[in-house]
Amino acid sequence: MENIALWMSQPHFGYLEIAKTCGFTSFVLELEHGTFDLGTLDQFLAFTKAQGLPTLTKVLAPTTEAIQQVLDFGTDGVIVPHILGVEHAREVTKAAKYPLTGTRSYAGGRVFGYSRPASDAFEKENKRTKCYAMIETAESLADVEEIIALDTVDGLFPGPSDLALARGRGAYEFNDADKADLRRCAKAARDAGKPWIMPAWTEAERRFALDEGASMLVVATQNMTLRQGMMTTVNALKKEALIA
């Protein structure tokens with residue numbers, strides 16, 4: 001399941017362990033619409049690190065504080081929501097990289113092994129951690145080629161549902177217009193030689209993403225997998241005539 005990830009919005013340690021035993025090795029943590037508080041997130045990222053599970057974190061907001069906190073806790077990369085045009089992206093994503101590339105502030109701790117960092121530690125951390133710009137607004141899509149060219153942006157993460165809303169189409173349906181927006185993001189990333197990640201809940205979306213060169217597929221949310229598991233049990237009980 002290389003480059004296949006699950007989307008988690010609740011800090012359930014057991015869920016993470018179960019997912020690992022099932023073969024999942026990468027995760028995206030959802031802070032904007034999830035229930036992680038800072039203390040739990042700190043513990044959860046320590047746990048994913050101890051388990052050797054690569055983890056990206058969608059931050060709470062496109063702010064310096066939100067980005068720096070999750071990087072200090074040890075996430076392998078940030079996904080930054082609500083980016084507008086390229087100038088907004090330029091300002092916001094600076095927080096994801098140490099100077100001189102960006103403006104990330106130094107804090108000792110987990111990232112540097114709770115010791116004084118070596119002279120090359122900041123350059124290594126800039127390379128290790130990734131910053132994905134979410135393309136989910138009409139403004140960010142209009143400037144996507146310029147956004148991906150920024151040296152503080154390592155890749156793109158389209159937000160298909162919000163992008164469809166922002167473009168006046170209502171609910172995301174993976175229709176031709178939706179695909180055209182996603183293709184533009186994919187092409188921008190390919191042309192820049194940088195990766196892009198696709199939230200792909202269906203087989204059709206996954207095939208599309210692979211055809212367009214996505215580097216990672218996020219294939220299910222935490223709630224989706226829980227509901228599917230419960231429905232499998234309910235359908236089995238119905239077949240056995242144990243419930244109506």
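The structure presented is a predicted model; accordingly, all values stated were derived computationally and were not measured.
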Is a side-chain N or O of [X] found less than 3.5 angstrom from the main chain of [Y], in a donor-acceptor match?
{"X": "E91", "Y": "T93", "value": "no"}
{"X": "S140", "Y": "H82", "value": "no"}
{"X": "Q222", "Y": "Q10", "value": "yes"}
{"X": "E125", "Y": "A121", "value": "no"}
{"X": "Q68", "Y": "S105", "value": "yes"}
{"X": "W196", "Y": "E212", "value": "yes"}
{"X": "T48", "Y": "T55", "value": "no"}
{"X": "K49", "Y": "T75", "value": "no"}

Checklist entry - Above 12 or not: heavy atoms from other molecules or residues under 6.0 Å from CD of E240? => result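 For E240, atom CD is crowded (more than 12 foreign heavy atoms under 6.0 Å).
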
Item to check | More than 12 heavy atoms of other groups within 6.0 Å of K187 NZ | outcome: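 Incorrect, the count does not exceed 12.
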
Next on the checklist: So that I know where these two stand, are F73 and F44 an aromatic pair - ring centroids less than 6.0 Å apart?
Outcome noted: no

Checklist entry - Does the ring center of F157 lie less than 6.0 Å from the ring center of Y132? => result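 Between F157 and Y132, the centre distance exceeds or equals 6.0 Å.
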
Item to check | Residue pair L29 / V70, side-chain heavy-atom distance below 4.5 Å | outcome: no

Next on the checklist: Below 30° counts as parallel, above 60° as perpendicular, anything between as tilted: where do the rings of F174 and F208 land?
Outcome noted: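 Taking F208 first and then F174, their aromatic rings stand perpendicular (interplane angle over 60°).
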
Next on the checklist: Check the orientation of F13 and F47. Use parallel for under 30°, tilted for 30 to 60°, and perpendicular for over 60°.
Outcome noted: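 Plane angle over 60°, so perpendicular.
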
Checklist entry - Taking it one step at a time, do E139 and H88 satisfy side chain to side chain donor-acceptor pair (under 3.5 Å)? => result CA-CA 10 Å; E139 297 91 338; H88 184 232; over 6 Å; no

Item to check | Passing candidate, side chain to side chain contact (heavy atoms under 4.5 Å, CB included) with F24, options T225, V219, I18, L53 | outcome: V219

